[in-house]
Amino acid sequence: MSSSSTGNNVFEMGKYIGLLVRVQAQSTCSLSSASSSTTAAKSVPPPPKPLLIATPSVKGDFPLLLFLHGYLLNNSFYSQLILHIASHGFIVIAPQLYNVAGPDTNEEIKAAAATTDWLSAGLQNVLPADVRPSLSKLGLAGHSRGGKVAFALALGHTTTSLKFSALMGIDPVDGMDKGKQTPPPVLTYVPRSFDLDMAVLVVGSGLGEVKRNPLFPPCAPKGVNHEDFFNECRAPVSYFVVKDYGHVDMLDDDTKGIKGKATYCLCKNGKAREPMRKFVGGVVVAFMKAYLEGDHSDFMAIRGGKGKEIAIPVELQTVKFLV
């Protein structure tokens, strides 16, 4: 699968043609894409979990992003989002941490760490020719429960051989309610208590804490959501809450299967997914350009700084940052 290229605006597709690479967790892994090039198969060290990788398709050295999916979701539901990020010159690695899971997230944290450790040995072998991963420029992101797992990994619940330089929580959730956190609890409810040696971005959904109907709880309940994660982060941290969009509105436009259909009916959603997905993709790109590559121009424009102007595809109800 490939993406089209339309320009350099971070909220639109970037200048690189992006490819999706699927890697199975077995001894012989297949690299596949729907590009015009011949499908290749290479023998590589097996990753601990199946991977969906979005990568630029041209020669170059590119920073990395490990992206962790939300609760009971498929990594494939984020295909459009990670292709958006890849089109701006990043390699995105999205492991399928599990298919079915209970409340305990310890195994997910270990799986995310094991995937991180695999990158040094195996990633280069499953990428297109002349696409080189910059292992020293590594970001970590997660959505929903995957956001909790990302924070846990960054906080050292499990060690990794590679060092993360930037952390992104996309509507992170730490359980059902305050006092009902899933193990291991990440939130401490002590302001600025997270000891993180990296810049942090927290993105929240304005509708995430709203029930879709009386039968189901909100997907990002108040007391364990983005607001609480931001409150425990130290500088530098940036915080955006998107008005009128829901907890899963950054997923693909069409998510299939039982899990995919459930994303339309369990959470309070906005009118369409594309604007929220464009914002999440764009702000992640701008954040990584700032903290992995040293180019702060797009991120400062999104934060409302002087200089470069940039059109944001959504209305923001909250913008906060500590520097």
Side-chain angles (χ1 to χ4, degrees), residues 10-11 62-68 81 85 88-92 112 116 134-144 146-157 159-160 162-174 186-206 220 224-242 250 279-310 312 314 316-323:
V10 293
F11 295 119
F62 301 102
L64 308 179
L65 175 65
L66 181 67
F67 186 92
L68 309 178
L81 174 63
I85 297 168
H88 288 272
F90 298 94
I91 300 169
V92 188
T116 305
S134 296
L135 296 172
S136 62
K137 297 179 180 179
L138 176 60
L140 173 63
H143 167 232
S144 187
K148 167 199 173 85
V149 172
F151 270 86
L153 190 57
L155 288 165
H157 283 242
T159 59
T160 59
L162 296 177
K163 178 179 173 58
F164 297 105
S165 299
L167 173 63
M168 291 142 274
I170 310 303
D171 222 18
V173 179
D174 191 14
V186 172
L187 294 169
T188 66
Y189 301 100
V190 178
R192 312 303 165 209
S193 60
F194 286 163
D195 186 11
L196 293 162
D197 185 23
M198 65 190 78
V200 183
L201 168 69
V202 179
V203 177
S205 62
V224 286
N225 69 10
H226 51 86
E227 182 179 12
D228 305 282
F229 279 88
F230 168 70
N231 287 339
E232 298 196 25
C233 290
R234 301 174 185 176
V237 56
S238 300
Y239 177 43
F240 302 90
V241 181
V242 181
M250 72 293 298
F279 177 76
V280 170
V283 76
V284 165
V285 166
F287 181 76
M288 290 198 298
K289 286 173 64 177
Y291 290 101
L292 297 183
E293 300 189 305
D295 179 2
H296 290 258
S297 58
D298 287 315
F299 195 58
M300 290 302 295
I302 297 171
R303 284 192 357 184
K306 295 181 180 179
K308 183 176 181 178
E309 294 184 359
I310 190 167
I312 299 175
V314 294
L316 298 174
Q317 71 182 45
T318 303
V319 178
K320 296 180 180 179
F321 48 91
L322 299 174
V323 296

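These numbers come from a predicted model, not from an experiment. Note that the numbering runs from 1 along the sequence shown for the chain.
- Distance CE/Met168 to CG/Leu66: 9.5 Å, rounded to 0.5 Å.
- Checked against ring-ring contact (aromatic ring centres under 6.0 Å, His included), Phe164 has no partners two or more places apart in sequence or in another chain.
- Distance CG/Leu153 to OG1/Thr159: 9.0 Å, rounded to 0.5 Å.
- In this structure, Phe62 and Gly89 approach most closely via the heavy-atom pair CD2-O, 3.4 Å.
- At least one side-chain heavy atom of Phe299 sits under 4.5 Å from a side-chain heavy atom of Leu201.
- Between Ser165 and Ser136 the shortest heavy-atom distance is OG-O, 4.0 Å.
- Under the salt bridge (charged side-chain N to carboxylate O under 4.0 Å, His left out) criterion, Asp298 pairs with Lys289, Lys308, not counting sequence neighbours.
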ask   = Going through the checks in order, is the side-chain contact (heavy atoms from CB on, under 4.5 Å) test met by Leu162 and Leu64?
value = CA-CA 11 Å; Leu162 296 177; Leu64 308 179; 5.7 Å; no
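- Nearest heavy atom pair, residue Ile302 against residue Gly282, reads CD1-O, 4.3 Å.
- Within the 4.5 Å cutoff, no side-chain heavy atoms of Leu81 are placed close to those of Val284.
- Applying the ring-ring contact (aromatic ring centres under 6.0 Å, His included) rule to His296 yields the partners Tyr291; only residues at least two apart in sequence or on another chain are considered.
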Donor-acceptor pairs under 3.5 angstrom involving side-chain atoms of residues 188-196: please list them, not counting sequence neighbours.
from, atom 1, to, atom 2, distance (Å)
Thr188, OG1, Val190, N, 3.2
Thr188, OG1, Ser193, OG, 2.6
Thr188, OG1, Glu232, OE1, 2.8
Tyr189, OH, Gly223, O, 2.6
Arg192, NH1, Phe230, O, 2.6
Arg192, NH1, Asn231, O, 3.1
Arg192, NH1, Cys233, O, 2.8
Ser193, OG, Val190, O, 2.8
Ser193, OG, Glu232, OE1, 3.1

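- Within the 4.5 Å cutoff, side-chain heavy atoms of Ile85 are placed close to those of Met288.
- Put simply, the side chain of Arg303 reaches to within 4.5 Å of the side chain of Phe240, judged on heavy atoms.
- The distance from atom CG of Leu68 to atom CD1 of Ile170, rounded to the nearest 0.5 Å, is 11.0 Å.
- Remark: Asp171 pairs with Ser205, His247 by the side-chain hydrogen bond (donor to acceptor under 3.5 Å, both in side chains) rule, at least two apart or across chains.
- Of all non-hydrogen atoms in Gly206 and Gln317, the two that sit nearest each other are CA-OE1, 3.9 Å.
- Aromatic ring orientation, Phe229 versus Phe151: tilted (interplanar angle from 30° to 60°).
- Atom CE in Met300 sits 12.5 Å away from atom CD1 in Ile310 (nearest 0.5 Å).
- Residues forming a salt bridge (charged side-chain N to carboxylate O under 4.0 Å, His left out) with Lys163 (at least two apart in sequence, or on another chain): Asp197.
- Residues Leu316 and Phe279 are in side-chain contact: their nearest non-hydrogen atoms beyond the backbone lie under 4.5 Å apart.
- Taking both residues in full, the closest heavy atoms of Pro172 and Val203 are given as CD-O, 3.9 Å, listed atom of the first, atom of the second, then distance.
- Looking only at side-chain heavy atoms (C-beta outward), Leu140 and Leu65 stay at 4.5 Å or farther from each other.
- A tilted orientation is assigned to the rings of His226 and Tyr239, their planes being inclined by 30° to 60°.
- Nearest heavy-atom pair, Val186 versus Asp174, reported as atom, atom and distance to 0.1 Å: N-OD2, 3.0 Å.
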